[in-house]
Amino acid sequence: MSSWNEEPPASRDDDPSAEPPPRPTYAPMAVPPPPGQPAGPPAQYAGGPAGQQPAGHPAGAAAQFPAGQAPGYPAGAQPPADTVPQPPAGAAPGYPPGQAPQYPNQAPQYPAGQPAQPPGQAPQYPNQAPQYPAAQSAQPPAQGAPYGAGASYPGAAPHYPGGPPQYPGAPGGWGPQPPQPPQPAGGDGTSRRRVIVAGSVAAAVAAGGGVAAWLLTRGDDKSAAPPPEPNPTTPAPVPPGPPAVPEPPTTESGPYTLTMWLDKIYTPGVDQAKTNTDVAAALVKADPLGTLRSEIQEFVDPAKLDTALATDNGPDLFQMDSLVLARRVKQGTLLDLTPYAKRLNADSWHPAARAACTVDGKLYALPMDVYAPVVLYDKRLCDPAGFVVPTTRDEWITQLDKLKQHYASDPKFEALHLVGRAWQTIAACLFASGCEIAVPQNERWAGRLNTDAGRAGIAFFQKLQSYSSAPKNVEEYKDPAGSIIAVLTAGKSAMAIQPDWVVAELLRTSPETARNLGAFPMPGTTAGKPAAVGVWAGVLAVSAKTEHPVGASNLLRVMSSSVWQERWANENETMPALGGLTTTSGAANPARAATLTALAQGKPYPAAPGWTAVPIKDFAENVLGGADPVVVGADQDAKIAGTFGRYQP
């Protein structure tokens, strides 16, 4: 039998904006004429500074310059940046109408079916490819795709440091060149790196000997150019993905010994000493450097564990329940297991179990078993009354009324056994009504009991409890009239809301009762969708002070396997946290299928360092006693605000 069969002692409380870059200018690039076509007229430059025009041209008039050079500038030099080359209207030099790119103050346009470059030709760029401003590109949108009239150039042109782009079939034996990876942007995120690119691009001598030069400027670009789009001849580069997170090591640097504290197993017939020996052998098989020493505790006492974890002599691993996980995270005593999640097969756990082991988005424990309340019903009492398994809350109430009426003559009969401080059922009623119980607000926690959802949830619990003769002021499993096992065995309670370990206990102590039990998940407000219920787990965690975190993860990897999840569940008579397992004990447990269905709608309890069920217990008990839910809800919300953020150092 599991040791997590009631709220653990540790969970009880004594109430104590950068400016955008300017739009850069764009000047078209020269394109060589097709083979056999005569070269067109040289490029025209708008009148440059006085004294730099050819003779006979007044200032400001268009000037004809020799190929690749303006008057007054040494070879290779270019006019000032504000002297922008103007192409002649209509077709580009050397191209008949309808074949050449048009340059009406925009990127070259090509008729349908024409490639961006004449066959066998490739532009030559000194030292680098032409630079294009943001939102324009030298490349077509997709390989082989034509440009239509007015088509834009998405992205920026590729940058080719040290040489021109190579095109297949070009003169000189050029072959295709792999695209260069995009260059990362500099900066630390608080300022932008300003890059000014200004210069000239000279066109090479193409077939026919014509030369045309265009000046190309790049504006004040404040960010790195995006990756180039693919062109008809060059494969598209693959942008780099996010940096890979290195896998943690899989073995320690040398031999190591782990100490693990475990609760005593209470299932009769289980040889726990042999189990612990087998676990140690499994660790050695997984990692020959590892040795395990298991120490059995009657219960892992929270105060004793706190003291041990505060020293350097505490256990490396220990057993606990998920309800106090957040408290130990706040204390800083747990190792973050997020880097090992894949190794621990975390994607195969029941999602609710994983959620119960997660605090602030990080994984801190390996769930070994998982618990959720379900409705158990005694067929010996329900079948004669014409009971039908309900699928909604309303149907459930109808069936409870039917049972109450059928057994009205029996003063000892109760349609549902439910004590007033049954915190798991109270929480389930709250969750099913949309109440979160408590939510984090920065470093504090705010109660949500005094809300419409909170009052609706407690009203439904009040309705359920009205079908029971159990005391309204006692804790679950502390009913002075007897344990839940005794109540169900007595055969006077048609239903009870319990986790499935109760059935496992009945299978051993009262097989006749267990064989006549049925189970269904707590119904929700919509047919076919069970109510949301609270889920918690028995877990194994690792001390933050362990000297062997990798070794501890290796042991947890062993315990997360289907072999050990199934063995643990069988020996502890619990539901395994690993999905898809059919255990021996579970096959004989009629509540197992209902629990699996309930887990699909399950949610963890608030991951608060000072979590305690006391506020919801007091909320229920006071409302059952006739107190105003608004007043009581406000009082308990204040208690949540004062206790949920605390933890015992």
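Heavy atoms only: backbone and side chains are in, while hydrogens, waters and symmetry mates are out. This structure is a prediction, so every number in the text was calculated from the model and none was measured.
Ring planes of W396 and F520: perpendicular class, angle over 60° (limits at 30 and 60°).
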Which is it for W536 and D321 under the side-chain hydrogen bond (donor to acceptor under 3.5 Å, both in side chains) test, yes or no, and what are the steps along the way? CA-CA 7 Å; W536 58 298; D321 67 77; over 6 Å; no
Worked check of side chain to side chain contact (heavy atoms under 4.5 Å, CB included) between L449 and L430: CA-CA 8 Å; L449 301 180; L430 292 168; 3.9 Å; yes
Take T612 and F644 through the side chain to side chain contact (heavy atoms under 4.5 Å, CB included) test and state the conclusion after the steps. CA-CA 7 Å; T612 169; F644 273 37; 4.0 Å; yes
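Between the side chain of Q565 and the backbone N or O of P367, at least one donor-acceptor pair lies under 3.5 Å. Distance alone, capped at 3.5 Å, places no donor-acceptor pair between the W445 side chain and the W611 backbone. When atom types are taken as modelled, the side chain of D287 and the backbone of N554 share no donor-acceptor pair closer than 3.5 angstrom. Here the side chain of S483 pairs a donor or acceptor atom with the backbone of A486 at under 3.5 angstrom. Using modelled atom types, one side-chain atom of T333 and one backbone atom of R328 make a donor-acceptor pair closer than 3.5 Å. Panel note: side chain T311, backbone N313; a donor-acceptor pair is recorded below 3.5 Å. Side chain of Q272 to main chain of D263: a donor-acceptor pair is present (N/O by atom type, distance under 3.5 Å, no hydrogens or angles). Between the side chain of Q297 and the backbone N or O of W261, no donor-acceptor pair lies under 3.5 Å. Under a 3.5 Å cut-off, the side chain of S322 and the backbone N or O of L325 do not form any donor-acceptor pair.
Both the sub-6.0 Å distance and the 45° axial angle are satisfied by R393 relative to the ring of F460.
D637 and N450 form no side-chain donor-acceptor contact under 3.5 Å, judged by distance and modelled atom types alone. No side-chain N or O of D394 forms a donor-acceptor pair with one of T392 less than 3.5 Å apart. No donor-acceptor contact under 3.5 angstrom links the side chains of T509 and E505, judged on distance only.
Contact between L418 and S468 at its shortest, heavy atoms only, is N-OG, 2.9 Å. Here the shortest heavy-atom pairing between P629 and V623 reads CA-CG2, 4.1 Å.
The CG atom of L283 sits 9.0 Å away from the CZ atom of R557 when rounded to the nearest 0.5 Å. Atom CD of E476 and atom CD of Q498 lie 4.5 Å apart (nearest 0.5 Å).
R567 and E571 are joined by a salt bridge, as a carboxylate oxygen and a charged side-chain nitrogen come within less than 4.0 angstrom of each other. Between K603 and E436 there is a salt bridge, with a side-chain nitrogen of the basic residue lying less than 4.0 Å from a carboxylate oxygen of the acidic one.
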